[in-house]
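To start, the structure itself, in structure tokens.
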Amino acid sequence: MLLATWNINSINARLSHIQEFLDNYEPDILCMQETKVVDEKFPRDIFIDRGYEIEIYGEKSYNGVAIASKHAIADVARGFRIEIAKGSRRLISATIGDVNIVNLYIPNGQAVGSEKYHYKLEWLCALKLHIEENYKPHDKLVICGDFNIAPDDLDIYKPEEWNGSIMASPEERDHLESIKQWGFVDLFRQHHKEGGLFTWWDYQAGAFRRNAGFRIDHIWATESVAEHCSAVMIANELRKLDKPSDHAPVLAEFDL
DNA sequence: ATGGTGGATGGTCCA
């Protein structure tokens, strides 16, 4: 089973890239973030035409998440069970086969100390509660998406410059680590020990060309799923296309 | 160098 996560930065701006990705990789499951469209206007056809089911949770202009799957999607839930303030559409969960999937778009947080940063920390607390209340560490569970956090200095370009700034600040890293401690394995890190491997590069200042990136898109799994993960990769070539998303897809292969 | 890029939008906001 091949699972992918990709912040596409607007589904309508990325239709051709998504089709190219689906045709080249044929993932069983694709979790998308930043779809940026209301559900009634979501372009379902590119998925339906390729044999995917598609479940969506979107809003106008901002945020929005979706799960496409070649296998039946069950138990779809949108948002937190108890929605926190300013309930933007950043979480959709479902069961596919016997695996629970949670697709996340964690808030960016703008700058350390800002109002949006505090919202990011609140959101991470709500996410931890949501996981504790709905799952057990021995469940087959995958959480994936744009976490907007680089867990370690290995995950950022020029750590001496970026350590402590947004996406790499101690407080948000601690919040994410406490979620990991509940019972997750970072599947990419399980298979790749080296730094300099990123999933997001700023559009500005030739960041991709200089590999000035962050590893902020993740696929985490509980042990019972992680032990079946045989490979994880970042599909960098999608970032090289004309008018790309600023994120590259991350893929995990499972012998499930 | 106080910018630079990109998406949605139709003013700015967000990343």
Side-chain angles (χ1 to χ4, degrees), chain A residues 5-21 31-44 46 56-66 79 84-92 103-124 127 144-151 155-158 161-169 171-173 175-176 198-218 234-250:
Chain A
T5 179
W6 192 9
N7 180 322
I8 53 177
N9 188 15
S10 166
I11 186 142
N12 282 313
R14 222 64 63 203
L15 282 178
S16 68
H17 292 194
I18 294 166
Q19 291 176 85
E20 182 172 331
F21 177 71
C31 293
M32 289 163 278
Q33 305 86 37
E34 281 205 275
T35 53
K36 294 186 171 180
V37 70
V38 292
D39 295 351
E40 308 80 68
K41 294 184 179 173
F42 189 98
R44 295 170 171 268
I46 63 166
I56 58 189
Y57 186 47
E59 61 183 284
K60 187 179 178 183
S61 302
Y62 305 112
N63 311 311
V65 285
I84 61 171
K86 292 202 297 179
S88 49
R89 297 184 166 191
R90 298 172 174 273
L91 184 154
I92 186 169
N103 176 21
L104 302 170
Y105 176 45
I106 294 177
N108 170 282
Q110 192 183 46
V112 175
S114 68
E115 195 175 317
K116 290 193 177 73
Y117 181 72
H118 292 295
Y119 176 63
K120 182 181 200 174
L121 299 178
E122 271 177 44
W123 206 93
L124 287 162
L127 174 61
C144 68
D146 178 0
F147 288 17
N148 265 315
I149 299 173
D155 301 315
I156 56 179
Y157 166 78
K158 280 195 186 176
E161 193 173 315
W162 288 99
N163 180 309
S165 65
I166 195 67
M167 301 192 285
S169 70
E171 206 171 354
E172 61 192 298
R173 280 177 167 176
H175 278 63
L176 190 60
F198 306 129
T199 66
W200 171 84
W201 303 259
D202 199 295
Y203 282 122
Q204 301 181 80
F208 182 71
R209 187 173 38 75
R210 298 182 291 117
N211 197 30
F214 284 52
R215 190 175 72 92
I216 57 174
D217 299 270
H218 304 290
I234 301 166
N236 282 31
E237 75 278 10
L238 278 300
R239 186 63 177 77
K240 300 175 184 170
L241 299 174
D242 190 43
K243 293 270 177 189
S245 168
D246 43 353
H247 298 252
V250 182

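Values below: all heavy atoms of this structure, side chains included; hydrogens, waters and symmetry mates excluded.
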Donor-acceptor contact below 3.5 Å, side chain A/His17 vs main chain A/Asp242: yes
Out of A/Asp246, A/Thr199, A/Asp146, which one pairs with A/Asn7 under the side-chain hydrogen bond (donor to acceptor under 3.5 Å, both in side chains) rule? A/Asp146
Could you tell me if A/Asp202 and A/Tyr157 have a donor-acceptor pair between their side chains, going purely by distance under 3.5 Å? no
Using a cut-off of 4.0 Å between protein heavy atoms and nucleotide atoms, how would you tag nucleotides 5-15 of chain B 5' to 3' with B, S and -? BSSSS---BSS
Could you tell me which residues satisfy ring-ring contact (aromatic ring centres under 6.0 Å, His included) with A/Phe198, sequence neighbours excluded, listed by chain and number? none
In whole angstrom, give me the gap between the P atoms of B/dA15 and B/dT9. 15 Å
Non-neighbouring partners of A/Tyr62 that pass ring-ring contact (aromatic ring centres under 6.0 Å, His included), sequence neighbours left out: none
